[in-house]
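As structure tokens, the structure follows; a few thoughts come after it.
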There are 2 protein chains.
Amino acid sequence: MIKTAANKSRASGRITLAMVAERAGVATMTASRAITQPDMVSQALRDRVEQAVTELGYVPNRAARALASSQSKVIAVLVPSLSNAVFTEVLAGVQDALDADDYQILIGNTRYSDKEEEKLIGTYLQSNPDGMLLSGLSHSPRVQQILTNSRVPVVSMMDMSTDPAQLTVGFSQFQAGHAMTRYLIEKGHKRIGFIGAQLDERTLRRAEGYRRAMLDAGLADIKLEVMVGEPSTIALGAELVGRMLAQAPDCDAIFCCNDDLAHGAIYQCQRRGIAVPSQLAICGFNDLPASAWMNPSLTTIGTPRYRIGFEAARLLRAVIKGEQPANRQIDLGFTLMARESA
Amino acid sequence: MIKTAANKSRASGRITLAMVAERAGVATMTASRAITQPDMVSQALRDRVEQAVTELGYVPNRAARALASSQSKVIAVLVPSLSNAVFTEVLAGVQDALDADDYQILIGNTRYSDKEEEKLIGTYLQSNPDGMLLSGLSHSPRVQQILTNSRVPVVSMMDMSTDPAQLTVGFSQFQAGHAMTRYLIEKGHKRIGFIGAQLDERTLRRAEGYRRAMLDAGLADIKLEVMVGEPSTIALGAELVGRMLAQAPDCDAIFCCNDDLAHGAIYQCQRRGIAVPSQLAICGFNDLPASAWMNPSLTTIGTPRYRIGFEAARLLRAVIKGEQPANRQIDLGFTLMARESA
DNA sequence: CTGAAAGCGCTTACAG
DNA sequence: CTGAAAGCGCTTACAG
């Protein structure tokens with residue numbers, strides 16, 4: 001029967017469990033168990049199956065397993081960027097947390113686009129994932145609808161949610177933006193600018209924190225904001241510091257919404273002969289590796305992105321296993337790194 | 001029959017093609033065709049199926065499709081690092097090249113480990129990928145064996161191969177290392193150090209290029225090499241420039257095997273009051289974004305990593321489709337970026 | 001501990 | 001252009 005199957009035109013040519021079973025002289029079922037639940041098979045048969053597996057070079061077919069068990073062992077992770085070190089560290093945390101569990105991790109890059117996110121979620125849903133890890137809290141209505149219908153467990157990463165039902169791991173982007181602004185105010189700065197790019201939800205929340213602090217201190221001025229939708233780069237930071245200075249020449253400190261922009265701002269100041277921090281204080285957000293090393297070193301917010309990925313994956317795994325997590329919202333906090341630039 | 005199926009305990013609860021077909025009043029086959037080969041179905045039936053799909057919110061089951069068609073529509077990509085911008089750009093190229101083709105891209109991070117690579121390839125083979133994209137030419141014998149047995153098409157990225165049978169997209173790491181060293185020699189430097197970290201195959205090939213040039217110029221000296229297995233970081237570059245200077249105090253130029261190390265070296269020189277390039281010339285490899293902007297700007301080798309990913313994916317796609325590529329080895333070259341630091 | 005039967009949700013191959 | 005049957009390679013649910 002196995003041989004006939006192999007002769008039929010639809011056979012893939014791969015070694016199948018049935019072939020392994022035949023070689024080991026057991027039923028397919030037993031071969032299956034010997035591989036996936038070895039404890040339930042006698043030592044003797046287990047050995048014979050293992051040997052057949054080795055001799056034949058058997059590789060299980062994941063599609064067949066997924067179809068039969070309706071368990072895909074797939075976890076999809078969506079991040080808005082792969083060129084941003086923040087998210088590659090999130091991914092590293094996710095991978096480390098799931099490493100031993102035989103999960104297949106599907107990494108999706110939404111490129112900061114709701115459309116891309118929708119497309120990726122649609123594609124990934126075809127793989128019937130056991131769970132999903134999403135970046136951010138804000139998703140298009142369609143995405144929310146699709147997610148609800150699919151009944152796939154979802155954990156949101158990066159920011160804290162106000163909805164207690166939502167599973168979330170991150171820190172408050174608003175509070176971090178507020179804390180950095182308070183730091184600059186307490187240093188005696190009065191004309192504190194904010195440079196924001198990409199304008200993703202995290203940047204917008206940081207800007208809200210900045211505005212809250214400026215308003216409360218009576219320092220708010222719309223001229224002190226430079227917001228652009230382009231992706232954050234060093235080159236853009238260099239350009240925007242110029243724009244800020246043109247727009248608010250008396251600006252004495254700039255809070256950049258991330259370190260890339262801040263690096264560009266500092267390099268630009270160096271070229272223009274603007275002393276940092278004495279003439280212009282500059283700070284960033286995320287604490288990338290270069291920030292501690294450059295001269296002047298960069299004052300910034302340290303963010304726990306590796307741990308966000310790690311804890312989010314643990315939380316998702318627990319939920320997939322049917323556990324009721326004690327804490328559905330995990331706030332990992334942030335750290336203000338006061339250095340030379342501000 | 002469909003209803004009974006839904007009542008059986010093994011049903012997943014998902015909407016199936018059979019349900020769509022029933023709703024549209026056609027056979028499952030026709031529903032299948034209406035979705036995957038719409039041209040082969042009459043307008044009337046196609047519309048009815050489409051409507052049923054929408055009403056039911058049908059999502060195709062990829063595992064079932066893969067199993068029935070023995071076509072996974074999966075392409076696996078293995079890179080040694082996700083924190084290294086070089087490889088995230090390679091991935092961006094791969095994604096862009098495959099974007100329209102409905103391929104599912106499996107991204108694997110080998111962390112510069114042969115063991116991890118072996119493990120990932122084993123896992124990915126379970127998904128019966130249509131093709132694989134690998135970083136580098138050097139793989140463990142076991143991996144080569146597994147790959148050969150699997151008969152999965154493979155394209156190697158990053159370096160050029162001497163084996164004409166191998167599908168390869170990249171540039172010569174050896175020649176690039178050689179060119180940078182020649183540049184420093186022609187600038188009049190005599191005591192040119194080489195700093196290498198991670199010691200992956202690309203770094204080793206660059207070092208060989210350096211040695212060849214030094215040897216030919218009669219400048220070779222083992223004291224001028226600092227090679228360590230740790231991952232490349234800015235912090236490590238800062239440390240190793242100190243080690244180089246301790247080991248070869250008369251060193252007048254340093255070729256760092258990548259930009260991260262070079263950045264660290266420059267920052268360290270700034271802190272120690274060593275003038276770059278007048279006292280010590282420093283150059284790197286890869287031309288990361290910061291390299292053009294920092295002060296002094298970094299002399300380095302520009303590498304076409306986005307295009308490597310893009311062209312490698314195109315080549316793989318062509319091979320999967322059964323085409324005979326005109327060129328099995330695509331050399332994308334490199335560019336020496338002469339700037340302020342050397 | 002072991003196995004024969006049925007089924008997971010699709011597509012292939014063949015007819016009509 | 002349309003469809004009934006069989007099969008992809010595994011696991012579940014039941015028996016023994």
Side-chain angles (χ1 to χ4, degrees), chain A residues 1-22 24-49 53 56 58-73 125-128, chain B residues 1-22 24-49 53 56 58-73 125-128:
Chain A
M1 185 185 141
I2 285 148
K3 284 192 178 164
T4 43
N7 290 338
K8 297 263 176 150
S9 42
R10 291 193 58 186
S12 63
R14 287 177 55 140
I15 306 294
T16 68
L17 230 206
M19 297 178 194
V20 170
E22 191 198 36
V26 299
T28 307
M29 262 312 313
T30 305
S32 172
R33 278 198 203 94
I35 291 168
T36 55
Q37 318 170 61
D39 296 343
M40 304 198 62
V41 175
S42 68
Q43 181 75 47
L45 293 194
R46 205 190 313 159
D47 290 346
R48 268 155 59 193
V49 171
V53 165
L56 260 25
Y58 170 66
V59 176
N61 183 323
R62 205 165 180 116
R65 178 176 291 175
L67 186 57
S69 69
S70 61
Q71 252 234 335
S72 63
K73 276 288 182 184
L125 247 22
Q126 299 183 351
S127 296
N128 194 26
Chain B
M1 185 183 140
I2 287 149
K3 286 191 177 165
T4 43
N7 290 337
K8 298 261 176 150
S9 42
R10 292 193 57 184
S12 64
R14 286 176 56 139
I15 308 294
T16 67
L17 229 207
M19 298 177 194
V20 170
E22 189 198 37
V26 299
T28 308
M29 262 312 313
T30 306
S32 172
R33 278 199 204 96
I35 291 168
T36 56
Q37 317 168 60
D39 295 343
M40 303 199 62
V41 175
S42 68
Q43 180 75 49
L45 293 196
R46 205 189 313 158
D47 289 347
R48 267 155 61 193
V49 172
V53 164
L56 260 25
Y58 170 66
V59 177
N61 183 323
R62 206 164 179 116
R65 178 176 290 175
L67 186 56
S69 69
S70 62
Q71 253 234 335
S72 64
K73 276 288 182 183
L125 248 22
Q126 299 182 352
S127 296
N128 193 28

Practice task
Would you mind telling me which of D:dT11, C:dT12, D:dC14 lies closest to the side-chain atoms of B:Ser69?
Solution key: C:dT12
Practice task
Ignoring backbone atoms, test whether B:Ser70 places a side-chain nitrogen or oxygen under 4.0 Å from the OP1 or OP2 oxygen of D:dC8.
Solution key: no
Handout entry: Proximity to the side chain of A:Arg33 - top-ranked nucleotide from D:dC10, D:dC14, C:dC10
Key = D:dC14
Exercise for the section: Look at the side chain of B:Arg62 against the base of C:dG9 and say whether a donor-acceptor pair falls under 3.5 Å; ignore hydrogens and angles. Expected result: no
Practice task
Would you mind telling me which residue lines up with the more 5' stretch of DNA chain D, A:Leu17 or B:Thr28, judged by nearest nucleotide?
Solution key: B:Thr28
Fill in the blank from the handout: Among C:dT11, D:dC10, D:dT2, the one nearest any side-chain atom of B:Val41 is D:dT2
Exercise for the section: Could you work out which one of D:dC10, D:dA13, D:dA4 sits closest to the side chain of A:Arg65? Expected result: D:dC10
Exercise for the section: Report the distance from atom CD of B:Gln71 to atom P of D:dG9, rounded to the nearest whole Å. Expected result: 15 Å
Practice task
Consider the side chain of A:Ser42, meaning its heavy atoms from C-beta on, and name the nucleotide among C:dG3, C:dT2, D:dC10 that approaches it most closely.
Solution key: C:dT2
Problem - Closest to the A:Met29 side chain, choosing from C:dC8, C:dA4, D:dC10 - result: C:dA4
Completion exercise
Closest heavy-atom pair, A:Val41 versus A:Ala34, reported as atoms and distance to 0.1 Å, is CG2-N, 3.6 Å
Problem - Among D:dA4, D:dT2, C:dG3, the one nearest A:Ala27 by side-chain distance - result: C:dG3
Fill in the blank from the handout: Among the nucleotides D:dC10, D:dA13, C:dC1, whichever has the atom closest to the side chain of A:Thr16 is D:dC10
Practice task
May I ask you to verify if any side-chain N or O of A:Thr30 is less than 4.0 angstrom from the OP1 or OP2 atom of C:dG3?
Solution key: yes
Exercise for the section: Indicate whether any N or O donor in one side chain lies under 3.5 Å from an N or O acceptor in the other, for B:Arg14 and A:Asn128. Expected result: yes
